[in-house]
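Step one of this worksheet: look at the structure below.
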There are 2 protein chains.
Amino acid sequence: MPTETFNNLPKDKQEAIIRAAVAEFAKSAYEQASLTKIVAQAGIAKGSMYQYFENKRELYLYILNMAYAEKKRFLQGVFDEDDDFFATLKRYYRRSYLFAKEFPLYHRVITHYWDYCAEFDQEIRSSRELRANEFIGMLEAAIENRQANPDIDKDAAFFVYHSVGKELIENFLELSEDVQEQHLQFIDQVLDVLALGLKKRKE
Amino acid sequence: MPTETFNNLPKDKQEAIIRAAVAEFAKSAYEQASLTKIVAQAGIAKGSMYQYFENKRELYLYILNMAYAEKKRFLQGVFDEDDDFFATLKRYYRRSYLFAKEFPLYHRVITHYWDYCAEFDQEIRSSRELRANEFIGMLEAAIENRQANPDIDKDAAFFVYHSVGKELIENFLELSEDVQEQHLQFIDQVLDVLALGLKKRKE
DNA sequence: CCTTGATGTGACCACCCAGTCACTTTCTAC
DNA sequence: GTAGAAAGTGACTGGGTGGTCACATCAAGG
């Protein structure tokens, strides 16, 4: 969505703009983020920004897509090994955590996006639906393989994993080195709760 | 936190102010909510508001406490019947849903509060900890009664119920009559997922 | 009737914001 | 070397915000 003018910019200038925008959209959600601060940080005039992007919204979407592209790359291959359904889930959540650790700014841009925001209600809903279908597909396969409980409501199951995943990743943002292993273990334990359930199992 | 002056106000004026403030804080989170709009809606001068409340923050906390007090009253007795742990949880979540339906504005004030907001980080953390201790206490009792799985990590279990509960209630805001039963059933199904787990059970 | 203290008021302050545009600078091609 | 196009600029517009304060109004007591 940026203009040709932006694409023709020298790399370092482009990067300065992107860096400033990422920092601001990581610090504040779309509505609270300040274009004025971004241009100040990037060291360009406000008018210039409007030659690179149509408006604040377009700049935001550009940055958001960058963040998502990076995350997608980072999560590549998580679903490839077709071992246990539950092992795959663990891999997915652990890897998401590591993404948050490696790209904390991109991570915050993404979580801010998910925090309900009227401006993007439509888009959020439809991308949620996409993820739901993916999850339910995997779950159905797991039921066929007799790994997963066939009596469970699939939409409810997605809902649970979705909300826990959201909160899980959102909750580990200090990201200091020494607690990383602790965090990963907590993720495992949370996923165990989801897999095994709270109710005592017979046998 | 309101001043004596506010308490001495005629009831209808007090109520008009409260109504306007509740509406605004239900529509927008603290930072986005506009005091200017509140006083306009309430039909008073801005200066008057500052004779009733020290500032926006105090007004907000007053309204927030009202909402919480109402919710507390509404949830009274949910934990009294000491039947099944899982039955109690269902009662709790179902009743929370009904509160959201009966007092949608108070409900939205509360959910906006939980949406992370730098201004109240401290308070949110400590009230979360309180709820965690309550939950874990109940869970320990359930383990003693041999209702709950003793192998599960208790903090992880709270984390799961907390995040799912948050998302659950936040998600049903259209609140049209004909889907209420459907919503309550979905809540039950979600709680079944949490109780039984996704993994196939033996036997 | 007048004084006095409590209450009510809205123009105003300082600050923020997204977006615009007349103008300047830089680059390119002839 | 210069004309014309492309790119860069920042003061400005119109809008918003929370909070203040000199003044107006009102109520009650002497």
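In what follows, chains carry the letters A, B, and so on, assigned in the order in which the sequence lines appear, proteins first and then strands, with residues in each chain numbered from 1. Scope of the values below: all heavy atoms of this structure, side chains included, with no hydrogens, waters or symmetry mates.
Residue contacts shown for B:A40 are absent, as no nucleic acid heavy atom lies under 4.0 Å away. Within the nucleic acid shown, B:Y52 comes within 4.0 Å of sugar-phosphate atoms alone, with no base atom in reach, counting heavy atoms only. Across all strands shown, B:S34 has heavy atoms under 4.0 Å from sugar-phosphate atoms exclusively, and none from any base. Within 4.0 Å (heavy atoms only), A:L59 reaches no atom of the nucleic acid at all.
Note: CD (B:Q32) to C1' (D:dG18) measures 14 Å, nearest angstrom. Atom CD1 in B:I44 sits roughly 9 Å away from atom C1' in C:dG8 (whole-Å rounding). B:Q51 has its CD atom 13 Å from the P atom of D:dC21, to the nearest Å. Between the P atom of C:dC23 and the OH atom of A:Y50 lies a distance of 22 Å, rounded to the nearest Å. Between the CG atom of A:N55 and the P atom of C:dC17 there is a distance of 17 Å, given to the nearest Å. Atom C1' of nucleotide C:dA6 and atom CG of B:N7 are separated by 16 Å, given to the nearest angstrom. When rounded to the nearest whole Å, the span between CD of A:E58 and P of C:dG19 equals 10 Å. Spacing between atom CD of B:E119 and atom P of D:dG18 amounts to 12 Å, rounded to whole angstrom units.
One N or O donor and one acceptor, one from the side chain of B:K46 and one from the base of D:dG18, sit under 3.5 Å apart.
Partner A:F99 forms a side-chain contact (heavy atoms from CB on, under 4.5 Å) with one of A:E70, A:K72, A:R73, A:R94 and no other, that one being A:E70. Of the listed residues (A:L168, A:I187, A:I169, A:I110), just one forms a side-chain contact (heavy atoms from CB on, under 4.5 Å) with A:S96, and that residue is A:I169.
Annotation: A:F120 is in aromatic contact with A:Y60 [ring centroid separation under 6.0 Å].
With DNA chain C read from its 5' end, the first of the two nearest nucleotides for A:K37 and B:G43 is the one closest to B:G43. Between B:S48 and A:K56, the residue anchored nearer the 5' end of DNA chain C, judged by the nucleotide with its closest heavy atom, is B:S48.
Using a 4.0 Å cut-off, some side-chain N or O of B:T5 falls inside it from OP1 or OP2 of C:dT7. When the side-chain nitrogen and oxygen atoms of A:K13 are compared with OP1 and OP2 of D:dG8, one or more of them lie within a distance under 4.0 Å. Phosphate proximity of D:dG18 to B:T36: present, with a side-chain N or O under 4.0 Å from OP1 or OP2.
The neighbour count for A:Q41 CD, taken as heavy atoms of other residues, nucleotides or ligands under 6.0 Å away, does not exceed 12. Atom CD of B:E129 has 12 or fewer heavy atoms from other residues, nucleotides or ligands within 6.0 Å.
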